[in-house]
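Take a look at the structure below.
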Amino acid sequence: MEISRKMEKAAALIKGMTDLPTIPAVATQVLALLDQPDVDIDQVVELIFTDQVMAARVLKMVNSPLYRPANEITSLKGALVYLGLRHIREFILTCSFIQSFEGKDGVLGIQPFWEHSFGVGIVARLIAEKVGYHDTEKAYIGGVIHDIGEVFLSYYLQEDFQKIVDSIKDKPYQLVRAEEEFLGTTHCEIGLCLADAWHFPDDYKEVIAHHHAPQEAKNAPRLTAIVNLADLFCTVRNLDYGGKEWVSFSLADEPAWGMLHGSDSKLGSLDIERFCYELDDQIEEIQQLVGNIFKDK
């Protein structure tokens with residue numbers, strides 16, 4: 001089916017919804033502040049404190065096993081200093097996505113959804129480091145947000161989406177293919193519509209639109225390929241919410257792997273099997289991270 005037809009269908013589905021999630025205003029203000037060359041961390045702290053939910057979540061995340069502070073961090077300023085300005089952006093974006101979809105449990109449980117999304121983000125960052133991609137933070141954020149269209153389908157189209165999920169249960173069949181056959185569009189196009197509404201940067205829009213077909217990416221093909229591989233990896237491990245789509249997965253055999261070769265690539269010296277073991281070691285920590293974020297919620 002033509003991409004334009006799928007986009008038209010996605011836009012029509014979203015247009016009919018009156019209570020679509022929005023990015024918290026504080027997050028937008030923080031991100032604008034971080035873009036200033038002479039940003040003062042005290043200003044960032046003060047702004048985040050105006051959203052107590054976000055402030056609490058930042059502290060929960062920074063104290064999770066994944067970030068390994070030597071001692072518990074109890075102040076927001078301490079958390080931001082520990083992270084450094086570069087990583088505050090990814091924290092704020094991540095907390096914003098979670099907050100935007102708070103209470104949006106549907107066909108997919110929201111906690112398993114975030115386990116998958118965080119998993120893809122973290123694995124994407126590790127792949128980016130290994131292949132010499134220039135912006136590992138961007139790889140992380142792209143991984144976290146890649147499936148935002150699934151939350152829409154799961155929550156706003158529960159009856160139809162339940163039928164789609166049931167139709168492929170225990171079958172080696174991709175959810176995205178079933179969506180297209182049943183709805184005439186997929187979570188990729190729906191996610192792109194949401195990303196447009198939230199004024200996401202173009203590279204992130206491309207990841208959302210093409211993470212199942214990275215070869216179609218025009219502006220950020222390597223970034224999209226990285227997220228594609230991270231998504232596949234998490235799907236066949238224990239970080240998948242939609243059923244097993246593949247029985248096995250060989251990183252080096254995927255088309256996206258070939259897209260990562262370039263002048264700055266480090267693939268030639270990479271032990272792929274050992275790297276996959278390193279990724280496996282992250283799974284439990286990712287699950288602990290998400291459990292920590294949703295604790296007492």
Side-chain angles (χ1 to χ4, degrees), residues 20-104 110-111 114 117-122 124-126 128-129 133-146 148 194-195 197-205 207 223 282 285-286 288-297:
L20 286 175
T22 57
I23 292 293
V26 168
T28 305
Q29 294 166 2
V30 170
L31 295 175
L33 192 61
L34 289 171
D35 282 336
Q36 297 179 11
D38 56 348
V39 60
D40 182 346
I41 199 164
D42 287 321
Q43 290 179 283
V44 179
V45 171
E46 185 177 342
L47 189 52
I48 294 174
F49 261 133
T50 65
D51 187 327
Q52 287 296 312
V53 174
M54 183 175 294
R57 213 157 239 155
V58 169
L59 280 173
K60 282 187 175 183
M61 285 181 65
V62 80
N63 283 301
S64 71
L66 195 70
Y67 293 92
R68 297 188 181 90
N71 300 296
E72 183 180 6
I73 297 173
T74 57
S75 74
L76 182 59
K77 183 173 181 178
L80 300 190
V81 169
Y82 177 76
L83 291 169
L85 285 174
R86 179 172 178 80
H87 294 291
I88 293 172
R89 182 186 302 275
E90 70 183 49
F91 258 61
I92 297 305
L93 277 169
T94 301
C95 291
S96 298
F97 300 142
I98 294 172
Q99 200 164 324
S100 298
F101 291 112
E102 193 81 68
K104 295 291 191 288
I110 203 70
Q111 186 159 336
W114 283 115
S117 297
F118 273 105
V120 174
I122 290 164
R125 181 163 56 196
L126 291 169
E129 290 171 357
Y133 182 72
H134 69 283
D135 194 336
T136 58
E137 178 194 27
K138 183 180 281 189
Y140 169 82
I141 295 172
V144 170
I145 67 175
H146 77 286
I148 59 173
L194 289 173
W198 290 345
H199 306 294
F200 279 11
D202 287 342
D203 285 358
Y204 294 139
K205 291 180 185 178
V207 167
L223 176 64
Q282 298 288 317
E285 291 186 352
I286 293 164
Q288 289 176 349
L289 168 65
V290 175
N292 200 37
I293 292 169
F294 285 92
K295 187 168 58 182
D296 302 325
K297 287 290 176 184

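Please read these numbers as outputs of a predicted model, since none were measured by experiment.
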Rounded to the nearest 0.5 Å, how far does [atom2] of [Y] lie from [atom1] of [X]?
| X | Y | atom1 | atom2 | result |
| --- | --- | --- | --- | --- |
| Leu223 | Asp203 | CG | CG | 6.0 Å |
| Leu83 | Ile41 | CG | CD1 | 8.5 Å |
| Glu137 | Ile88 | CD | CD1 | 10.5 Å |
| Arg57 | Ile92 | CZ | CD1 | 12.0 Å |

Could you work out, with side-chain hydrogen bond (donor to acceptor under 3.5 Å, both in side chains) as the rule, every residue matching Tyr204, not counting sequence neighbours?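 By the side-chain hydrogen bond (donor to acceptor under 3.5 Å, both in side chains) rule, Tyr204 matches no residue at all.
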Set of side-chain hydrogen bond (donor to acceptor under 3.5 Å, both in side chains) partners for Asp202, sequence neighbours left out: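 Asp202: no side-chain hydrogen bond (donor to acceptor under 3.5 Å, both in side chains) contacts found.
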Contacts of Thr50 meeting side chain to side chain contact (heavy atoms under 4.5 Å, CB included) (sequence neighbours excluded), chain-then-number -> Val26, Leu47
| request: Output all residues satisfying side chain to side chain contact (heavy atoms under 4.5 Å, CB included) with Gln52, sequence neighbours left out; order by chain, then residue number. | output: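 Scan of Gln52 (side chain to side chain contact (heavy atoms under 4.5 Å, CB included), adjacent residues dropped) gives Phe49.
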What heavy-atom pair brings [X] and [Y] nearest, and what distance separates the two atoms?
| X | Y | result |
| --- | --- | --- |
| Trp114 | Val144 | CZ3-CG1, 4.0 Å |
| Ser75 | Leu59 | O-CD2, 3.5 Å |
| Met54 | Cys95 | CG-CB, 4.1 Å |
| Thr136 | Ala128 | CG2-CB, 4.0 Å |
| Ala139 | Ala124 | O-CB, 3.4 Å |
| Gly142 | Val207 | O-CG1, 3.7 Å |

Stepwise side chain to side chain contact (heavy atoms under 4.5 Å, CB included) test for Leu80 and Val58: CA-CA 9 Å; Leu80 300 190; Val58 169; 4.3 Å; yes
For residues 38-56, the salt bridge (Lys or Arg N to Asp or Glu O under 4.0 Å) pairs (sequence neighbours left out) are Asp42-Lys77
* Looking only at atom types and distance, does a side-chain atom of Asn63 sit under 3.5 Å from a main-chain N or O of Ile73, one as donor and one as acceptor? -> yes
message = So for atom CG, which belongs to Asp35, do other residues, nucleotides or ligands contribute more than 12 heavy atoms lying within a distance under 6.0 Å?
response =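 Check passes, neighbour count above 12.
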Applying ring-ring contact (aromatic ring centres under 6.0 Å, His included) to Phe97 and not counting sequence neighbours gives Phe200
